[in-house]
Amino acid sequence: MHVTGTVPPPAPDPRETPAAPDSAPASGNGGHARRFGLPVATALVMGNIIGGGIFLLPASVAPFGTISLLAFGVLTVGAIALALVFGRLAARDPRTGGPYVYAREAFGDFAGFLAAWAYWITTWVSNAALAVAAVGYLDVLIPVNDHRWTACLAALVIQWLPALANFAGSRYVGAVQLVSTVLKFAPLLLVAVGGLFFFDPDNLGPFNASGGSGIGAVSAAAAILLFSYLGVESAAVSAGEVEDPRRTVGRATVIGTAGAALVYLLGTLSVFGTVAHDRLVDSGAPFSDAVNAMFGGAWGGWAVALAALVSMTGCLNGWTLLSAQTPYAAAKDGLFPAAFARRRRGVPTVGVGVTVVLASLLTVYNYTSGSAKVFEVLVLVTTFTATVPYLLATAAQIFHLVSGRGDKVDRARLVRDGVIAAVAAAFSLWLVAGAGYAAVYQGVLFLFAGVLVYAVMAARRQRAQKPTAP
């Protein structure tokens, strides 16, 4: 899960000249006053990938056994293939916007809308998932998980606090991000590195604890773990703010993804080796349990829980803004309702309000549905919705390669790019299959609701473009 530190700006209409000081300048034409190079772009990708979800993921994949570490490896290969695809697409079209820009340029408004709509769904469903994960660490400090409605109320409060910070203006958003970013890496590094010195192989449990086939266990674990890789597109989304994006975006995306994968793998391995498997399966705060096992007592777990709670609240803070920016970008292109394009103090306030309300409703629904694994259910929904813009971006790459458009294809790299695009496409489809029927069911309902929204918006645009009768 991503969004820490710098939040990518919305994708502007490339045909539009900014009319207000807070409007983003058109991408790709050198109008930006501030650009960042490879080190900052790499940090953006890595920081955005490593978000709050990692604090609960070891417990989420523990029921599959240590085979989930193999899923991490397979997922990393697929994520790097996807990163390479984003790099090639950014080299051809270095405008801010990422999958939205690529899908719209290759296939038209409807594909661009689907990419923006699915990415927007991913953001606010992720907000709900992060809030549920944060409740697990809040329970270490204040018991709230004993009753479903108490936990639900806590999750709602955790969602609304960052929303209020967003309503206050972008200056407060940035301040919260800075503090939460620093606090996030402290417990991660403590467990990822320190945990290796306390590693006990007896804690690992069975290799495949799922009771099913190895392939099925890897697929199911990878579908949950994809949540931790959301953000691989960060440099591509921010391409307009990157120095020499045709070169830098691809390199930053691959290096940042590989670096995040290393932190994830070490962190998960350390938790597996310090917390007994049977206890880890039911843990609501696995990193706190790991620190308690390393040093004894409960003080370390409390400190980690507090840091994790602040980190996840900060991650929600950035995600809330990002989830408002996506419809803001589409609204400026006429593909979302115009209300989403309204900004106040640098923040798309309508998008923030709609996003937090939808995330709250989804949180209440999943708590009241009786699911014991609310976090996993929400994570799997984001797995499905995230693959839509990823698959559309990969399809755009395949389209350019197969169509043989000379201005879009580097002939010297045709075979290599074709193989990478095929791996990325297979990876995306595999993740959809691994998400499971329930997640695909909820995700498809969200996606099809967007088709109705597009029908209304397209009709309004067509009516507005008709010439008036003399």
Do [X] and [Y] come close enough that some side-chain heavy atom pair is under 4.5 Å?
{"X": "V218", "Y": "I67", "answer": "yes"}
{"X": "F72", "Y": "V61", "answer": "no"}
{"X": "V350", "Y": "R342", "answer": "yes"}
{"X": "N127", "Y": "V356", "answer": "no"}
{"X": "L196", "Y": "L266", "answer": "yes"}
{"X": "V364", "Y": "L156", "answer": "yes"}
{"X": "F287", "Y": "V271", "answer": "yes"}
{"X": "L309", "Y": "I158", "answer": "yes"}

- Are side-chain N/O atoms of W160 and S360 paired as donor and acceptor at under 3.5 Å? yes
So which heavy atom on [X] is nearest to which on [Y], and how close?
{"X": "A425", "Y": "T394", "result": "N-CG2, 3.6 Å"}
{"X": "V352", "Y": "A163", "result": "CG1-O, 4.0 Å"}
{"X": "G195", "Y": "M294", "result": "N-CE, 3.7 Å"}
{"X": "A192", "Y": "V263", "result": "CB-O, 4.4 Å"}
{"X": "N208", "Y": "A217", "result": "OD1-CB, 3.7 Å"}
{"X": "A220", "Y": "F64", "result": "CB-CE2, 3.5 Å"}

Going from [atom1] on [X] to [atom2] on [Y], what distance comes out if it is rounded to the nearest 0.5 angstrom?
{"X": "L189", "Y": "S270", "atom1": "CG", "atom2": "OG", "result": "11.0 Å"}
{"X": "R104", "Y": "L114", "atom1": "CZ", "atom2": "CG", "result": "13.0 Å"}
{"X": "T382", "Y": "Q442", "atom1": "OG1", "atom2": "CD", "result": "11.5 Å"}
{"X": "L445", "Y": "Y441", "atom1": "CG", "atom2": "OH", "result": "5.0 Å"}
{"X": "T387", "Y": "L392", "atom1": "OG1", "atom2": "CG", "result": "9.5 Å"}
{"X": "Q159", "Y": "W124", "atom1": "CD", "atom2": "CH2", "result": "10.5 Å"}

- Message: One pair to check against side chain to side chain donor-acceptor pair (under 3.5 Å): T385 and T122. What are the steps and the verdict?
- Response: CA-CA 6 Å; T385 55; T122 301; 2.8 Å; yes
Would you say [X]'s side chain and [Y]'s backbone share a donor-acceptor pair under 3.5 angstrom?
{"X": "H277", "Y": "P206", "result": "no"}
{"X": "Y119", "Y": "P327", "result": "no"}
{"X": "S283", "Y": "R279", "result": "no"}
{"X": "S68", "Y": "G65", "result": "yes"}
{"X": "D200", "Y": "D202", "result": "yes"}

- Message: Can you tell me how the ring of Y102 sits relative to the ring of F86, calling it parallel under 30°, perpendicular over 60° and tilted otherwise?
- Response: tilted
- Name the orientation class of the two ring planes belonging to F113 and W117 (parallel below 30°, tilted from 30 to 60°, perpendicular beyond 60°). parallel
Between [X] and [Y], is the gap from one ring center to the other below 6.0 Å?
{"X": "Y454", "Y": "F110", "answer": "yes"}
{"X": "W120", "Y": "F336", "answer": "yes"}
{"X": "F198", "Y": "F295", "answer": "yes"}

Can you confirm whether more than 12 heavy atoms, excluding those of [X], are under 6.0 Å from its [atom1] atom?
{"X": "L452", "atom1": "CG", "answer": "yes"}
{"X": "I215", "atom1": "CD1", "answer": "no"}
{"X": "F199", "atom1": "CZ", "answer": "yes"}

- Just do the side chain to side chain contact (heavy atoms under 4.5 Å, CB included) check on F446 and V388 with the steps written out, would you? CA-CA 12 Å; F446 291 141; V388 174; over 6 Å; no
- Message: Show, in sequence, the C-alpha distance, side-chain angles and deciding distance for L306 and Y137, and conclude whether the side chain to side chain contact (heavy atoms under 4.5 Å, CB included) test is met.
- Response: CA-CA 7 Å; L306 181 60; Y137 282 90; over 6 Å; no
